[in-house]
Amino acid sequence: GQQLNQSPQSMFIQEGEDVSMNCTSSSIFNTWLWYKQDPGEGPVLLIALYKAGELTSNGRLTAQFGITRKDSFLNISASIPSDVGIYFCAGQVTAGGTSYGKLTFGQGTILTVHP
Amino acid sequence: GAGVSQSPSNKVTEKGKDVELRCDPISGHTALYWYRQSLGQGLEFLIYFQGNSAPDKSGLPSDRFSAERTGGSVSTLTIQRTQQEDSAVYLCASSAGHPPLHFGNGTRLTVT
């Protein structure tokens with residue numbers, strides 16, 4: 001089945017630093033999503049990307065849908081302590097209307113921000 | 001509330017018992033999904049509902065797992081004869097028929 005390789009697995013940074021994480025796949029996806037998960041909670045959507053080459057920002061977050069449709073990255077600028085959490089990429093393929101919304105998730109990037 | 005609601009938030013059960021996990025999706029969302037998250041892992045797809053039917057059950061790990069949805073709203077995930085490897089966080093998500101998915105806070109299941 002489809003697999004997503006997300007890297008890095010973990011990051012330890014100082015407050016104010018920029019962060020970059022990415023996901024690659026052996027298969028093409030039609031949609032890329034980035035989620036953040038805090039302890040004891042479900043993943044919360046950060047950014048959704050629907051078109052190859054699309055670059056989207058949400059505050060200090062920027063994400064891009066790779067041209068090949070097999071990769072995506074997420075950048076966080078000027079990190080703050082509340083950015084701590086686990087970040088997941090997810091890719092989705094539509095095929096004739098079936099399995100719609102069936103997301104394949106990366107393994108997650110654990111982000112720690114030191115004040 | 002406005003979000004996806006799951007109950008119970010925590011469930012401890014003995015090996016061999018049956019458990020039922022409940023999901024209340026966002027009102028009006030036609031699509032509902034169940035995912036499983038094991039410790040330190042990403043999310044594993046279990047089943048997808050469109051309305052009350054489940055066109056994709058490919059992620060259910062064994063015939064001990066089943067799910068139903070009634071009235072195009074509430075869904076129940078049932079695990080029969082629970083095993084220790086079933087211990088995980090079970091997450092429900094809903095959407096208006098297309099991404100993105102909105103997740104609940106999950107049910108943490110512990111099988112002793």
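So that the names make sense, note that chain A is the first sequence line, chain B the second, and so on, each numbered from 1.
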>> Between A/Val84 and A/Leu46, is there shared hydrophobic-cluster membership here, with clusters defined by ILVMFWY side-chain heavy atoms closer than 4.5 Å?
In response: yes
> Would a hydrophobic clustering, with Ile, Leu, Val, Met, Phe, Trp and Tyr connected at side-chain separations under 4.5 Å, put B/Val4 with B/Phe45?
Replying inline: no
> Is the number of heavy atoms from other residues, nucleotides or ligands within 6.0 Å of CD (B/Glu14) greater than 12?
Replying inline: no
> Checking B/Ser58 against chain A: side chain, backbone, both or neither under 4.5 Å from a heavy atom?
Replying inline: side chain
> Hey, is CD on A/Gln9 packed in by over 12 heavy atoms from elsewhere, all under 6.0 Å?
Replying inline: no
> Would a hydrophobic clustering, with Ile, Leu, Val, Met, Phe, Trp and Tyr connected at side-chain separations under 4.5 Å, put B/Leu109 with B/Ile47?
Replying inline: yes
>> With a 4.5 angstrom heavy-atom cut-off, is it the side chain or the backbone of B/Gln37 that approaches chain A, or both, or neither?
In response: side chain
> Would B/Tyr35 and A/Phe105 count as a close aromatic pair, with their ring centres under 6.0 Å?
Replying inline: yes
> If you measure from CG on B/Leu43 to CD on A/Gln37, what distance do you get to the nearest 0.5 Å?
Replying inline: 6.5 Å
> So which part of B/Leu91 gets closer than 4.5 Å to some heavy atom of chain A, the side chain, the backbone, both or neither?
Replying inline: side chain
> How many angstroms lie between OG in B/Ser95 and CG in A/Leu103, if you round to the nearest 0.5 Å?
Replying inline: 9.0 Å
> Does any N or O in the side chain of A/Tyr35 come within less than 3.5 Å of the main-chain N or O of B/Leu101, such that one atom is a donor and the other an acceptor?
Replying inline: yes
> Given a strict heavy-atom distance threshold of 4.5 Å, which part of A/Gln6 is in contact with chain B: side chain, backbone, both, or neither?
Replying inline: neither
> Side-chain heavy atoms under 4.5 angstrom apart, residues restricted to Ile, Leu, Val, Met, Phe, Trp, Tyr: same cluster for B/Tyr90 and B/Tyr33?
Replying inline: no
